[in-house]
There are 2 protein chains.
Amino acid sequence: MSHTLGIRQAQKQKTRQSLLDAALGLLEEQSLSSLGLREVTREVGVAPTAFYRHFRSTADLGVALVEEALGSLHPMIRTIVSSAGDSDQRIERAVELIARHVETHPAHVRFIARERHGGVQSVREAIQDQLARFAEEVKVALTKDPVSAGWNDDDLLMLANLYVDQMLMTASLFLDALEAPQEERQRVAQVATRQMRLISIGREHWLD
Amino acid sequence: MSHTLGIRQAQKQKTRQSLLDAALGLLEEQSLSSLGLREVTREVGVAPTAFYRHFRSTADLGVALVEEALGSLHPMIRTIVSSAGDSDQRIERAVELIARHVETHPAHVRFIARERHGGVQSVREAIQDQLARFAEEVKVALTKDPVSAGWNDDDLLMLANLYVDQMLMTASLFLDALEAPQEERQRVAQVATRQMRLISIGREHWLD
DNA sequence: AATTCCAGAGAACAGTTGTTAACTGCATGG
DNA sequence: CCATGCAGTTAACAACTGTTCTCTGGAATT
């Protein structure tokens, strides 16, 4: 039932996406709280006032960027948690997937890492909301795992949050190593793998 | 051999400290990359040009803030790692110390969490440097622990980094819960404690 | 075919920014 | 006691900011 957009609404969405893309580019070397609306429109090549047709403010644009960035991350989470194989295999695959995601969406990852604790409240909140959803999703997956037999709900969520935070930390490290030689990126992957492995070991002996 | 400062240099340092304090205050609701030098001097009640007598730019001021913020954290790290008692006792004490530090230095903690992945490269690098020092220090302490017998150097550093990151995550959560009712802060403390406990369990079974 | 709607343009606004230069007054060292 | 140094001031600059109001061209609706 997808209604074909009129060429009018299509053009509007195109401009909107251009604004988002331009902003994401500019945010590679600054924070959202210093991003000016004129800066963005100049980059796109439209009048400053056109900005208001799409966003109330740059903070508003930031919230839209959160949706875009973490929306693209959502399927990755699903892939990781529904992965088959033993613990070590799943960890290696997860780290590999994170590395790939950073390579294909570096600006998104940078944006989330930067604005998670950034200076714009509404954006911080939007990110926390999405991450809470991720944690919830991870928790559900953990619940189904036989290793989690006997675990209570709070501890499952505690572990899920640990995994989510660890994923973000790893993504941020891969980002820093993006331009570095491959051996450095390999080292990051190895450290990340072992950290997750250590957490998994802790998980297996939690009820001892 | 501390030479008493002339009243001239003393006054200068006083102004410098005022600039740092004012900046730290302003940074509670924005990022360093949007902090203007005039904003800071206005807050202190001094002419904009006076800023240049102390800092080349706001980025430069940011680096100075890193020293101040992480300098105050250094002794805390020492206290934690040199703490006595069994694993659980040490963890509870560590979480307690982190909570206290966030209560007494909230602006410092916020600054580090915000600018660790922030928009100003020189500040990011300064923070990474200091955190690497912390990790090194933790690693040395871990090496002395009998539990670490048989561990290789890379894995010790891997674990040290995990502890440091976990410490920062915990501090950030305490910060978010600063204004919240005590039961919420208690909950944060409990989650943090269990996460560190899980990591410690993983550590104990690492060589299995 | 006539009318409405609306994304984007254009111009102007008051206020802000970083940086420069030349200055002042007072603590300092000879 | 006098000359120097230097923290902080004053004034001015060109460039930039977000926001308002008015306008326009063409798609959408009738």
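Heavy-atom basis, side chains included; hydrogens, waters and symmetry copies ignored. In the text below, chain A, chain B and the rest are named by the order of the sequence lines, each starting its count at 1.
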Polar pair under 3.5 Å, donor/acceptor by atom type, side chain A:Arg53, base C:dC6: no
Spacing of B:Gln13 atom CD relative to D:dG8 atom P, expressed in whole Å: 11 Å
Touch class at under 4.0 angstrom, heavy-atom based, for A:Ala50 against every strand present: sugar-phosphate
Atom-pair distance (CD on A:Gln11; C1' on D:dG25), nearest Å: 14 Å
Residue pair A:His54 / A:Thr15, side-chain donor-acceptor N/O under 3.5 Å: no
Whole-Å gap separating P (D:dT20) and CZ (A:Arg56): 12 Å
Touch class at under 4.0 angstrom, heavy-atom based, for A:Arg42 against every strand present: sugar-phosphate
Distance in angstrom units between B:Leu19 CG and D:dA7 P, rounded: 13 Å
B:Arg185 versus B:Phe174, closest heavy-atom pair with distance: O-CE2, 3.8 Å
Sugar-phosphate only, base, or nothing, as touched by A:Phe51 at under 4.0 Å among non-hydrogen atoms: nothing
Minimum heavy-atom distance between B:Leu70 and B:Ile127, given as atom pair plus value: CD1-O, 4.2 Å
Shortest side-chain distance from B:Ile7, nucleotide among C:dT20, D:dA27, C:dT28: C:dT28
Spacing of A:Lys14 atom NZ relative to D:dA27 atom P, expressed in whole Å: 14 Å
First encountered from the 5' end of DNA chain C, between B:Gln9 and B:Thr49: B:Thr49
Nearest heavy-atom neighbours spanning A:Val40 and A:Leu19: CG1-O, 3.6 Å
Whole-Å gap separating C1' (C:dT28) and NZ (B:Lys12): 14 Å
Base of D:dT19 paired with side chain of A:Arg38 (donor-acceptor, under 3.5 Å): yes
A:Glu28 and A:Phe111: CA distance, side-chain angles, deciding distance, side-chain contact (heavy atoms from CB on, under 4.5 Å) verdict: CA-CA 8 Å; A:Glu28 288 189 19; A:Phe111 172 74; over 6 Å; no
d(CG, A:Leu37; C1', C:dT16) in whole Å: 15 Å
Rounded distance (Å) that lies between atom P of D:dT17 and atom CD of A:Glu43: 12 Å
Sugar-phosphate only, base, or nothing, as touched by B:Thr15 at under 4.0 Å among non-hydrogen atoms: sugar-phosphate
Residue whose closest nucleotide on DNA chain C lies nearer the 5' end, B:Ser57 versus B:Arg8: B:Ser57
